[in-house]
Amino acid sequence: MKYTLVTGGTGFIGSHTVIQLLAQERAVIILDNLSNSSRAVLPRISSLSKKEPLFVEGDIRDKALLESLFEQYEIESVVHFAGLKAVGESTEKPLMYYENNVWGTINLCQVMARFGCKSIVFSSSATVYGDPASVPIKEDFPTSTTNPYGASKLMVENILQDLQASDPKWKVILLRYFNPIGAHKSGQIGEDPADIPNNLLPYVTQVAVGKLAQLSVFGDDYPTHDGTGVRDYIHVEDLAAAHVCAVDKLTEFSGTKIFNLGTGTGYSVLDIVKTFEQVTGEKVPYSITPRRPGDIAECFADASLARTELGWHATRGLEEMLEDAWRWQSQNPNGYADSE
Ligand code: NAD
Ligand code: UFG
């Protein structure tokens, strides 16, 4: 049996992707150190997919563990989600971010190369565009970063491209996600931040469910239609579907491919609050506070390359994203902790 190794497969995007890979009859091994996820997601993945992924609790920095996995199983491709992702924390603990995200990936690639597995899909981010000169953003826009998290993503992109250039057997797909939100339709899996959320949507849903008092809207003086920051929110299920297309694509080409994954439409913070209130009937009290350092005014994708080359496009609109995020939060007010 040939396996796809999914690092970080118990996390937010990984768990949704695993379900979709299993639905396509792919055999999946999840490797996750549970540093930002819960074991409680595993029975939910199994019950939703009616299939059992293999789960290994472990770290991508553990070379002996990786070697034993590649020895034991015939792994033909890797979908590499594992990484730390909090921008603020990365500025406080840069070495932790570089060690985990950059060194962890080097370690993974060394073992992959040793076992002749040279196909990888990597979770990158729109953060690699820095503050773009214009929107929508295309894949050939210049890259730059403003924090260690973003720098770690860009370093890994460069490392994987250099690796591919050194050995044409490598097939590398770099997926630059815009702003993933939403949850599985069942309300059984979703985003479960460990602390107070940094990102807008989990903050909004936690205010609505009564865990947090009110939302701070970080600035209303940006040059956008209502002064608040504009982003390209994409349903996590659409994102997961893109990974299935990417894994399929790995069999068809050699080289490096880079794709933006977004809807191509930008919404402001206040658009999100108003639409959330409309679709859920819940109130989201908020106040306007100063800008968050490092934030940009506007960021949305030109995702047409993914449509033509990957055969993928986002199909779910903002209302569905918010309804699904709310179903998850209202059914699991404390995330996976409720079932641990
Ligand atoms: P997540 O934190 O929910 O998932 C990441 C998973 O990786 C977690 O389950 C964590 O326990 C695991 N992990 C971390 N370090 C590990 C290590 N050294 N070894 C093994 N497992 C490890 O995050 P997510 O939102 O699902 O994001 C997945 C990937 O996508 C990350 O690489 C992230 O940087 C990237 N990304 C996320 C967003 C976003 O807004 N969610 C945007 C752009 C890119
Ligand atoms: N915002 C608020 N209040 C909050 C949280 C966010 O007003 O409590 C605003 C931000 O200022 C921004 C928008 O909501 O205008 C979205 O903020 P997020 O933190 O949800 O998302 P970002 O676009 O800042 O960053 C996210 C990820 C990054 C990733 C980037 C691009 O957190 O890791 O998308 O993919 F790099």
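Keep in mind the model is a prediction, meaning the values are calculated, not measured. Indexing begins at 1, ligand by ligand and atom by atom, following the structure's order. Quick note: residue numbers are just sequence positions, from 1.
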Heavy-atom contact check, 4.0 Å cutoff: does [X] meet ligand 1?
| X | answer |
| --- | --- |
| Ser15 | no |
| His80 | no |
| Gly9 | no |
| Thr7 | no |
| Pro180 | yes |

Does the side chain of Glu89 come under 3.5 Å of the side chain of Tyr97 through a donor N or O and an acceptor N or O?
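Yes.
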Do Ser123 and Tyr177 get their side chains close enough for a donor-acceptor pair, meaning under 3.5 Å?
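Per modelled atom types, Ser123 and Tyr177 side chains form a pair under 3.5 Å.
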Non-hydrogen atoms of Tyr222 versus ligand 2: any pair closer than 4.0 Å?
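Per 4.0 Å heavy-atom rule, Tyr222 does not contact ligand 2.
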Touching ligand 2 at all, Tyr233? Heavy atoms, strictly under 4.0 Å?
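Yes, that is the case, since the closest heavy atom of the residue is under 4.0 Å from the ligand.
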Would you say [X] has any N or O atom under 3.5 Å from an N or O of ligand 2, going by distance alone?
| X | result |
| --- | --- |
| Val230 | no |
| Leu215 | no |
| Tyr177 | yes |

Could you tell me whether the side chain of Asn260 and the main chain of Phe178 form a donor-acceptor pair under 3.5 Å?
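Absent.
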Does Asp232 reach the main-chain N or O of Gly264 with its side chain, forming a donor-acceptor pair under 3.5 Å?
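A pair under 3.5 Å: yes.
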Is any side-chain N of the basic residue among Arg231 and Asp271 closer than 4.0 Å to the acidic one's carboxylate O?
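No salt bridge links Arg231 with Asp271.
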What I want to find out is whether Lys249 reaches Glu252 closely enough, with some N-O distance under 4.0 Å, to be called a salt bridge.
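A salt bridge is present here (some side-chain N lies under 4.0 Å from a carboxylate O).
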For atom 9 (C) of ligand 2, what's the nearest protein heavy-atom neighbour? Residue, atom name and distance, please.
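Minimum-distance protein heavy atom for atom 9 (C) of ligand 2 reads Val269 CG2, 3.6 Å.
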Rounded distance (nearest 0.5 Å) linking atom CD1 of Ile120 with atom CG of Leu163:
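These two atoms lie 8.5 Å from each other.
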Would [X] count as being in polar contact with ligand 1, using the rule that some N or O on each side must be under 3.5 angstrom apart?
| X | answer |
| --- | --- |
| Asn33 | yes |
| Phe12 | yes |
| Leu31 | no |

I need the single residue from Glu76, Lys171, Met112 that forms a side chain to side chain contact (heavy atoms under 4.5 Å, CB included) with Ser119. Which is it?
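Result: among Glu76, Lys171, Met112, Lys171 is the only option passing the side chain to side chain contact (heavy atoms under 4.5 Å, CB included) with Ser119.
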Specify side chain, backbone, both or neither for [X], according to which of its non-hydrogen atoms lie closer than 4.0 Å to ligand 1.
| X | result |
| --- | --- |
| Asp32 | both |
| Ala126 | neither |
| Arg61 | side chain |

